[in-house]
Every structure is written in structure tokens, then in C-alpha cells.
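Scroll down for the structure; my scribbles are underneath it.
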2 protein chains.
Amino acid sequence: MKLGRLNHIGVATPSIEESLRYYRDVMGATIAHEPFDLAEQGVKVCFVDTPDAQGEVGKGTQIELIEPLGPESPLTGFLQKNPQGGQHHVCYEVEDIEQARSWFEGKGKRILGPTRIGAHGTPIFFLHPKDMMGQLTEIMETPKAAGH
Amino acid sequence: MKLGRLNHIGVATPSIEESLRYYRDVMGATIAHEPFDLAEQGVKVCFVDTPDAQGEVGKGTQIELIEPLGPESPLTGFLQKNPQGGQHHVCYEVEDIEQARSWFEGKGKRILGPTRIGAHGTPIFFLHPKDMMGQLTEIMETPKAAGH
């Protein structure tokens, strides 16, 4: 396997609304996306775009803001430990999700649940942070239209 | 201020050597850089390149591996809490470090120490995670040759 693009870093927040104000007013981001619910994963999501090395906004690694959808959310524990939120996961792209799944299984890495559809509408899975040098790691299939 | 490129994410590790094996053998990275000491900041550093949206390796957001240089390192506490390491900070580029410093001061954000030379050889400073929605945030001046 070849290391893919760092699609996004997942940042947990108690309030996407407050985070969007922060990224706009403090960090100077242009807020180009609307929040939406990813009910299956128990989170509300909103992407914030960053520029790439050529300065093209939306081509750089994104910030994925994630807020719990109710007390059963898998984020609830994280926010109990980190009430302000903070860095939650990293997400790398792969060309073929099934090949990637076999690759990580072959390396003895624990995959958290089945492959499912992620926030970008393509198949994803998560890997256990204890098998990934302390980082909760999401693997996502590159959206077919991306970069073309 | 306008949100700059996400230059790198800082990932703490108890061993850069072990991390490089992980990024190469598990994540499929090509290891293109050598570790070096950033004695002033009490850390050993090594960058790992990722591809951008066009697939160009070295143009995407980098992983900055950081390992403590001795027990006085500011990383020691982080690794006591997270023995395997993990996500430590995010670093955004700005065009002018002094303007950025004034901007964040004007927003009432706590800056951690003086502006100094960072791992890419350009001026940097860090902002207090409690003022930055839980994220230790590094601001660095874009290297003059980057992206040109």
C-alpha cells in the first residue's frame, strides 16, 4: 500500500456552531459548507476547507468538525475527557477500500466495525488507535471525482 | 487574517525510529527525510511527506514526528499521559509572522513564549490549546521558496 492523501483531520467539538465562529473569526477561514447529521455514526459533521501549497482553498487537508448527536454518541467519552474538544482522528485516502481493509488485516491491525459510508459519501473504516501509534485512524476511499 | 495552509500535524512519539517503521511498513509512506534535533525546543524531529490532491508526494500536509530530547522536554508530560504517542499539535502557515502575532494578541489568545525558528527554518510561535478550542496550535511563516 502507498500512503494516500491526508484527506482530513477530525476535530471533536461540543458545538459545531461555536467551532465555525472560531475558524471564521479567529483562524480566518471561509466557511463554505453546511453541517449535517451522520446519524449512523452518532455525530453531526461540518467540513472546513484549507488551502493547498498553491493557495487553492478546498484542495488542502480539511478540518472535519464532529459534534455528538445525543448522549449515546461515540464522541461523548472523548468530550468528557476533553470538554473543549480537540484532535480526534486522522483520515487518509486509499484507492480501493477492500484492498486497504485486507492490507491492514494482514498487518494484524484491529478494524473497528464494518466498512460503511463516511462523511464524504465513500466507503470508510476506522483502525484502533492502540494499533496505530496512538492515533485513531480513518481510511476512506478517494471520491471518484476528486482531483480530476 | 486568512486561514493558511495546514503545513503539518505534530505527532508525538516515544521513538521516531519506531514511528518511521510504522509509517513505512504499515501506512506505506516513502521516508524521504532524516531526523534532526531541535534542541531549543527539547525535541527530535522528523517529517513524513504525504501526497496532495494531485498525488504529488511532499506537497500535502506533512506529519511532524516529535520525540523528547531528554526528561526536560515539553513532550515528557504528553507521553506520560499517552505512552504510545498521538496527535500533539496542528500547524498553519501565515505570510507574515509578526502580523499574525499581533492578530492573535488582538483576539486575546495566549501565545506561548517568543517567536522563534521552527523545524522548517522559518519563524513560528505556539498558541495555548485552551484558547484554541482544545488544540495546541503552531503558526509558522511560509518558507519563501514553498509552492513556487
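Only heavy atoms go into these numbers, but all of them, side chains included; no hydrogens, no water, no symmetry mates. Throughout, protein chains are lettered first and strands after them, A, B, ... in sequence-line order, and every chain is numbered starting at 1. Being a predicted model, the structure only gives us computed values, none of them experimental.
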Under 3.5 Å, side chain of [X] to main-chain N/O of [Y], donor-acceptor pair present?
X: Thr115(A); Y: Pro123(A); value: no
X: Ser73(A); Y: Gly70(A); value: no
X: Thr50(A); Y: Thr61(A); value: yes
X: Glu67(B); Y: Ile16(B); value: yes

Point to revise | Lys130(B) portion near chain A, given a 4.5 angstrom heavy-atom threshold | key: both

Find the one option among [options] whose heavy-atom pairs under 4.5 Å with chain A are most numerous.
options: Thr13(B), Asp52(B), Thr30(B); answer: Asp52(B)
options: Asn82(B), Val26(B), Leu6(B), Asn7(B); answer: Val26(B)
options: Lys2(B), Met133(B), Lys107(B); answer: Met133(B)
options: Met27(B), Gln87(B), Arg24(B); answer: Gln87(B)

Practice item. Would you mind checking which part of Pro129(A) comes under 4.5 Å of any heavy atom in chain B, side chain (CB onward), backbone (N, CA, C, O), both or neither? Key: backbone

Point to revise | Contacting moiety of Val11(A), where chain B heavy atoms sit under 4.5 Å | key: side chain

Review point. side-chain contact (heavy atoms from CB on, under 4.5 Å) with Glu95(B): which residues, sequence neighbours excluded?
Key: none

Without placing hydrogens or testing angles, list every side-chain donor-acceptor pair under 3.5 Å for residues 32-45 of chain A, not counting sequence neighbours.
unit_1: His33(A); atom_1: NE2; unit_2: Asp49(A); atom_2: OD1; d: 3.0
unit_1: His33(A); atom_1: NE2; unit_2: Asp49(A); atom_2: OD2; d: 2.9

Revision key, fill the gap. Counting heavy-atom pairs under 4.5 Å with chain B, the top scorer among Pro51(A), Ala12(A), Gly86(A), Ser19(A) is Pro51(A)

Review point. What residue, out of Gly106(A), Ala29(A), Gly60(A), has the most heavy-atom pairs lying under 4.5 Å from chain B?
Key: Ala29(A)

Review point. Is NZ or CZ of Arg101(B) both nearer than 6.0 Å to the six-membered ring centre of Phe125(B) and within 45° of the ring axis?
Key: yes

